[in-house]
Colleague: 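Let me give you the structure first, and then I'll get to my questions.
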Amino acid sequence: MDGPMRPRSASLVDFQFGVVATETIEDALLHLAQQNEQAVQEASGRLGSFREPRIVEFVFLLSEQWCLEKSVSYQAVEILERFMVKQAENICRQATIQPRDNKRESQNWRALKQQLVNKFTLRLVSCVQLASKLSFQNKIISNITVLNFLQALGYLHTKEELLESELDVLKSLNFQINLPTPLAYVEMLLEVLGYNGCLVPAMRLHATCLTLLDLVYLLHEPIYESLLRASIENSTPSQLQGEKFISVKEDFMLLAVGIIAASAFIQNHECWSQVVGHLQSITGIALASIAEFSYAILTHSVGANTPGRQQSIPPHLAARALKTVASSNT
């Protein structure tokens, strides 16, 4: 892993559906549902999310450069987001316990912010490296590879600093970094759909799901903002409504059914109703919710690089998605 590596997309080689026993699938689906319910409950009261599109793109491109699977890139983003939220919470906590002195408080804020900025790239790379260590399908990214990459960007660090960075991330998250990702939910539901006689082949859906999941990560805020406006039927949500909606952003089961439904529409819109019906019976999620989410994903993916949009996805990913959508209509 220390020599030059050729970038590649996530490999689908040896990926198969329909080879796992139904009992195992049932147990795994139940476990994911329980995990999801707990995550949604714990999301209440959280400060919010930290998902800047340029940072997500950085993680994705770095994962491709290091030949990591898509699951690793998603997990790296989840680890980084939770770490940064923890850092923000710690800064706010320190500000509340210190004596009120406007000048000193302003200096402390600037110092803490600068400390985060100075170490951010190192922390980001540490999150990717930690995520690679959790995957059985990837070689662990070595310290030499990481140090060489950072040096190429102009950041000089030692192996000791790299290990300290990983430890800082681990301690901040209480060593709870084996976080679930939406991809696990997508693949599990595709497995169940295959057994239920879905008309669209699972492998075809899987490939499209990966592209749309990339888009959701990159356009996270605008997609969920449009979903919030649709759910409350109001174009200007209140702050309280936005805070209550944070738990919806942690609902990976909802995200997974939205991704699959959108993928089914792209692959074969005539089979969309059947796929959505299966998803509703499997998860218990209302048909209206599935339709709203899939519509939000589709509209943002197709219009990602439309002139006049203030926020767009990176061109190479946008082209891939637009090509997928266009080919389905030919």
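Since the model is a prediction, treat every value here as computed from it, not as a measurement.
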Colleague: Yes or no on side chain to side chain contact (heavy atoms under 4.5 Å, CB included) for V275 and F265, after CA distance, side-chain angles and deciding distance?
Modeller: CA-CA 9 Å; V275 174; F265 186 85; over 6 Å; no
Colleague: Side chain to side chain donor-acceptor pair (under 3.5 Å) between Y74 and D214: does it pass, once the steps are laid out?
Modeller: CA-CA 9 Å; Y74 299 140; D214 278 356; 2.9 Å; yes
Colleague: Could you walk me through whether E250 and N36 pass the side chain to side chain donor-acceptor pair (under 3.5 Å) check?
Modeller: CA-CA 8 Å; E250 294 298 320; N36 188 64; over 6 Å; no
Colleague: So, using side-chain contact (heavy atoms from CB on, under 4.5 Å) as the criterion, who are the partners of L287 when residues are at least two apart?
Modeller: V276, Q280
Colleague: Just wondering, are more than 12 heavy atoms of other shown residues or ligands nearer than 6.0 Å to CD in Q241?
Modeller: yes
Colleague: Looking at Y295, I want to see if its OH is surrounded by more than 12 non-hydrogen atoms of other residues, nucleotides or ligands under 6.0 Å.
Modeller: no
Colleague: What residue among E81, E57, E221 forms salt bridge (Lys or Arg N to Asp or Glu O under 4.0 Å) with R51?
Modeller: E81
Colleague: Quick check: closest heavy atoms across S289 and I285, and the distance to 0.1 Å?
Modeller: CB-CG2, 3.9 Å
Colleague: Taking K244's backbone N and O only, do any of them form a donor-acceptor pair with S247's side chain (distance below 3.5 Å, no angle check)?
Modeller: yes
Colleague: I'd like to check F252 versus V40 (side-chain heavy atoms, cut-off strictly below 4.5 Å). Are they in contact?
Modeller: no
Colleague: Could you tell me whether the side chain of L254 reaches within less than 4.5 Å of the side chain of V257, counting heavy atoms only?
Modeller: yes
Colleague: Identify the heavy atoms of A256 and P182 that sit nearest to each other, and give their distance.
Modeller: CB-O, 4.4 Å
Colleague: How many angstroms lie between CG in L167 and CG in L163, if you round to the nearest 0.5 Å?
Modeller: 8.5 Å
Colleague: Provide the closest heavy-atom pair for S165 versus R123 in the form atom of the first, atom of the second, distance.
Modeller: OG-NH1, 2.9 Å
Colleague: About how many Å separate CG of L279 and CD1 of I260, when rounded to the nearest 0.5 Å?
Modeller: 5.5 Å
Colleague: Between CG of L147 and OG1 of T158, what distance do you get to the nearest 0.5 Å?
Modeller: 7.5 Å
Colleague: Where is the tightest heavy-atom contact between V59 and S73, given as atom of each residue plus distance?
Modeller: CG1-O, 3.7 Å
Colleague: May I ask you to check whether over 12 heavy atoms, not counting those of F58, lie within 6.0 Å of atom CZ?
Modeller: yes
Colleague: Look at K119 together with D168 and state whether they make a salt bridge at an N to O cut-off of under 4.0 Å.
Modeller: no
Colleague: Y224 and V248: which non-hydrogen atoms are nearest, and at how many Å?
Modeller: CE2-O, 4.0 Å
Colleague: Could you pull out the closest heavy-atom pair between A230 and E292, with the gap in Å?
Modeller: O-OE2, 4.2 Å
Colleague: Just how far is it from atom CD of E164 to atom NZ of K159, taken to the nearest 0.5 Å?
Modeller: 14.5 Å
Colleague: Take T211 and T208 through the test side chain to side chain donor-acceptor pair (under 3.5 Å) and record every step on the way to the result.
Modeller: CA-CA 5 Å; T211 299; T208 308; over 6 Å; no
Colleague: Determine yes or no for a side-chain-to-main-chain donor-acceptor pair under 3.5 angstrom, with T145 supplying the side chain and I141 the backbone.
Modeller: no
Colleague: If you measure from NE2 on H300 to CG on L215, what distance do you get to the nearest 0.5 Å?
Modeller: 11.0 Å
Colleague: Is the Y155 ring parallel, tilted or perpendicular to the H157 ring (thresholds 30°, 60°)?
Modeller: parallel
Colleague: Roughly how far, to the nearest 0.5 Å, is the OG atom of S263 from the CG atom of N268?
Modeller: 12.5 Å
Colleague: Evaluate the criterion side chain to side chain donor-acceptor pair (under 3.5 Å) for residue pair E78 and T181; output intermediate values, then yes/no.
Modeller: CA-CA 7 Å; E78 297 297 334; T181 69; over 6 Å; no
Colleague: Will you find, in the side chains of Q34 and Q38, an N or O donor that is under 3.5 Å from an N or O acceptor?
Modeller: no
Colleague: Can you tell me if NZ on K133 sees more than 12 non-hydrogen neighbours from other groups inside 6.0 Å?
Modeller: yes
